Structure formats: structure tokens, C-alpha cells
Amino acid sequence: MQVIGVIGAGLMGNGIAHVAALAGYDVILSDVALDRAQAAVRTIEKNLGRGVSKGIVAADAVTPALARITVTTDSAAFAAADLVIEAATESEPIKLKIFAGLVPHLKADALLATNTSSISITRLAAATDRPERFTGLHFFNPVPLMTLVEIIPGLATSDATKAAMHAFATKIGKTAIEAADAPAFIVNRILCPMLNEAIFALGEGVGSVLDIDAGLKLGANHPMGPLTLADFVGLDTLLSIMRVMQDATGDPKYRPAPLLVKYVEAGWFGKKSGRGFYDYSGETPTPTR
Ligand code: 3HC
């Protein structure tokens with residue numbers, strides 16, 4: 001494998017392009033508009049710089065990594081790719097449309113992966129011409145710093161594809177775990193109900209925003225409190241993952257906290273929209289309730 005395609009230049013897509021280019025792969029990064037993909041490369045440059053200041057990226061690796069990334073809006077560019085990772089919006093119709101436009105251009109033996117956090121891999125794979133060469137490849141935000149990747153085989157995924165994905169994960173410096181194609185896989189299945197529970201606790205007045213966050217940071221050694229992390233993940237994303245789990249299992253334990261639904265209705269999506277359980281407009285985030 002030498003050429004990696006990444007579809008979607010948002011938070012996850014630019015992180016995946018970042019780690020792949022840094023590991024020596026040639027990367028083709030696409031988005032619906034070229035300026036979005038170009039902006040993602042500027043973000044990658046900034047984040048590589050942060051990596052250099054933290055001592056986790058060699059200063060002389062930055063320019064060659066950036067030179068390995070090309071941007072496009074044209075699916076035909078993926079004809080050169082050995083592996084294409086789709087990291088577009090978490091919407092099944094959008095992902096299906098992307099795969100339909102992409103597969104006619106792919107090499108016969110190219111592998112395909114999706115960074116979905118909760119949609120059925122088997123169902124997405126079945127909509128392509130290569131379900132045996134298709135897997136879930138789920139990264140964590142921020143991708144350059146989080147060392148885990150989940151590999152999720154679908155029903156038809158071949159052993160050779162699984163092995164290739166494990167080798168890719170190792171080459172980009174991640175530790176891989178394998179998860180069954182069950183709603184939300186392993187990490188989100190456990191993490192998201194915990195974040196949702198923190199929002200129930202806030203809504204019921206069990207603690208303040210600051211006390212709930214301090215409680216889990218200091219009492220359970222979490223790097224971020226759950227409300228900070230919910231804002232970081234995106235409240236719209238968290239709500240959609242809870243709904244996928246609730247719909248897929250019918251189990252009421254996955255019902256979204258009413259306050260989470262309200263925040264999303266208000267357009268308060270967390271850090272990316274500037275406001276969630278914290279307001280991010282000032283120097284320091286301040287609680288919004
Ligand atoms: N590349 C990219 N982003 C970087 C970076 C780099 N080299 N260095 C720092 N960052 C980002 C952080 O995300 C954060 O973003 P911001 O500037 O936009 O606010 C900021 O830089 C924080 O910088 P720090 O120097 O303070 O970062 P730390 O070294 O202290 O580590 C952290 C921050 C690794 C994010 C740590 O707080 C942590 O581990 N938090 C928990 C993260 C987590 O749980 N992520 C998983 C979420 S679930 C998920 O992604 C699945 C999805 O499907 C929902």
C-alpha cells in the first residue's frame with residue numbers, strides 16, 4: 001500500500017490524512033469544495049507544528065509530509081489509491097452516495113474503509129462492489145494524538161482485508177482493536193452512555209457543570225470531564241450515536257438525556273459551534289448553565 005485516499009476534509013478526515021502522510025503514505029484528500037480541502041491542509045500544517053513543539057513529530061518530517069498530500073474534488077483521482085477511507089458526514093444517504101460515485105473509479109484490488117462511528121458496516125459494504133475488501137476503520141478525535149483505531153469487519157470482510165487493515169494501523173502508529181459490527185462498536189458503546197449520563201445528572205441538578213467535570217477528572221482520572229468531552233465530540237454527534245443505539249437495540253437504557261436533545265435543538269453543538277455546556281467565545285470556557 002502506498003497511496004491512501006481520504007474522503008472528507010473535516011475534523012476526522014484531516015486527522016487521518018495527517019497521520020497517513022506523516023507515516024510516509026501519499027495521500028489524496030477530497031472534499032465537496034476545494035477550499036475546504038485546502039483549509040484542511042493548513043490545519044494539518046498547524047497540527048504538525050504543534051506536534052513538533054510537543055516533541056512528538058520530528059521538525060524535518062513536516063515539509064515532506066505536507067508534500068505527500070494532494071487535494072481534489074474529483075472521485076476519479078482515487079483511481080491511484082490502494083486504500084480509500086471515507087470520513088464524510090455521519091449520514092447513511094451521504095455515505096452511500098459517495099460510495100456509488102467512487103467505486104467505478106477504483107482499482108479492482110483497492111480496499112475501502114469507513115470512519116463511521118455507528119452505522120452498520122455490513123450494510124454500507126453491501127452497497128459497494130467489494131464487500132470482502134471493506135471494513136470499518138474508526139479513529140478518535142484528535143486523531144494525531146489518540147493512539148487507538150477500531151477495525152470493524154463486516155459479515156463479508158475477508159481475512160486478507162482484516163490483515164491489511166491491522167498492518168496499516170500499525171504503520172500509522174496506532175494500536176488496533178477489533179470490534180464486532182454492533183451498534184457503536186466498542187468505545188462509543190461504553191463512552192457515549194457515560195457522557196449521556198453526565199448530562200442526565202446535570203439536568204437533574206445532581207451537580208454543576210464544573211463539579212461534574214471536576215468529579216470525573218479528579219475522581220476517575222479522565223483527561224477531560226464528561227461535559228467538556230461531550231462538547232469536544234459534538235453534541236449533535238453524541239445525540240445521533242445515542243439514537244442509533246436506542247433504535248438498533250430498542251433498549252431504553254440508551255435514551256438520550258432530555259437536556260442533550262434541547263442543546264442540539266438550540267444549535268448548541270459544543271466546541272465546533274462555539275457553545276455547548278461551555279461557552280468558548282472568551283479566553284477560558286465558561287459554563288452555560
Ligand atoms: N494535532 C491535532 N490536535 C491537537 C494536537 C495535534 N498535534 N495537539 C493538540 N491538539 C488539540 C486538542 O484536541 C485541543 O484542541 P483545540 O486547540 O482546538 O482546543 C487542543 O489541541 C488541546 O491541546 P493541548 O496541548 O492542551 O492537548 P493535550 O496534550 O493536553 O491533550 C487531549 C489533549 C489529548 C485531547 C486530552 O485532553 C484527551 O485525551 N482528551 C480526551 C479525548 C477523547 O476522549 N477523545 C475521544 C473522543 S470519542 C471519539 O472521537 C469517537 C467519535 O466517534 C465520537
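Here the structure is a predicted model, which means the values were calculated and not measured. In listed order, ligands and their atoms are each counted from 1.
- Among protein heavy atoms, atom 31 (O) of ligand 1 sits closest to Leu145 CD1, 4.2 Å.
- Of the listed residues (Leu210, Leu229, Leu227), just one forms a side-chain contact (heavy atoms from CB on, under 4.5 Å) with Phe277, and that residue is Leu227.
- Ranking protein heavy atoms by distance to atom 48 (S) of ligand 1, first place goes to Leu191 CD2, 3.6 Å.
- Ion pairing between Asp231 and Arg275 fails under the 4.0 Å rule for side-chain N and carboxylate O.
- The closest protein non-hydrogen atom to atom 29 (O) of ligand 1 is Lys54 NZ, 3.1 Å.
- One N or O on the side chain of Thr72 and one on the backbone of Asp74 form a donor-acceptor pair closer than 3.5 Å.
- Counting heavy atoms closer than 4.0 Å to ligand 1, residue Leu238 contributes nothing at all.
- No option in Thr122, Thr157, Thr135 other than Thr122 meets the side-chain hydrogen bond (donor to acceptor under 3.5 Å, both in side chains) test with Asp181.
- With a 4.0 Å heavy-atom cut-off, ligand 1 is reached by no atom of His222.
- Taking the ring centroids of Phe99 and Phe134, they lie under the 6.0 Å cut-off.
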So Thr228 and Asp213, side chain to side chain donor-acceptor pair (under 3.5 Å) or not? Walk me through it. CA-CA 7 Å; Thr228 300; Asp213 271 356; 2.6 Å; yes
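- Interface of Leu229 with ligand 1, defined as ligand atoms under 4.0 Å from a residue heavy atom, comprises 42 (C), 43 (C), 44 (O).
- Taking a cut-off of under 4.0 Å to the non-hydrogen atoms of His138, the atoms of ligand 1 that pass are 51 (C), 52 (C), 53 (O).
- Donor-acceptor pairing under 3.5 Å is lacking for the side chains of Glu90 and Thr237.
- Ligand 1 places these atoms under 4.0 Å from at least one heavy atom of Phe232: 13 (O).
- For atom 12 (C) of ligand 1, the closest heavy atom belonging to the protein is Pro142 CG, 4.1 Å.
- With Phe139 as the aromatic partner, Lys174 does not meet the cation-pi criteria of under 6.0 angstrom to the ring centre and within 45 degrees of the ring axis.
- A distance of 6.0 Å or more separates the ring centres of Tyr263 and Phe269.
- A donor atom on one side chain and an acceptor atom on the other are found under 3.5 Å apart for Asp279 and Ser281.
- Under 4.0 Å from ligand 1, not a single heavy atom of Leu48 appears.
- The existence of a salt bridge linking Lys107 and Asp82 is confirmed by a sub-4.0 Å separation between a basic side-chain nitrogen and an acidic carboxylate oxygen.
- Each of the following atoms of ligand 1 lies closer than 4.0 Å to a heavy atom of Met224: 35 (C), 37 (O), 40 (N), 41 (C).
- At least one protein heavy atom sits closer than 4.0 Å to atom 44 (O) of ligand 1.
- Considering only non-hydrogen protein atoms, atom 15 (O) of ligand 1 sits nearest to Lys271 NZ, 3.8 Å.
- Protein heavy atom at the shortest distance from atom 50 (O) of ligand 1 is Asn141 N, 2.9 Å.
- Not one N or O of Thr237 is nearer than 3.5 Å to an N or O of ligand 1, by distance alone.
- For the pair His18 and ligand 1, the shortest N or O to N or O distance does not fall below 3.5 Å.
- Within the 4.0 angstrom cut-off, atom 35 (C) of ligand 1 has one or more protein heavy-atom neighbours.
- Given atom 17 (O) of ligand 1, the protein heavy atom at minimum distance is Arg50 NH2, 2.5 Å.
- Against a heavy-atom cut-off of under 4.0 Å, Pro144 is close to the following atoms of ligand 1: 1 (N), 2 (C).
- A donor-acceptor contact shorter than 3.5 Å links the side chain of Glu86 to the backbone of Ala88.
- For atom 54 (C) of ligand 1, the closest non-hydrogen atom on the protein side is Val233 CG1, 3.6 Å.
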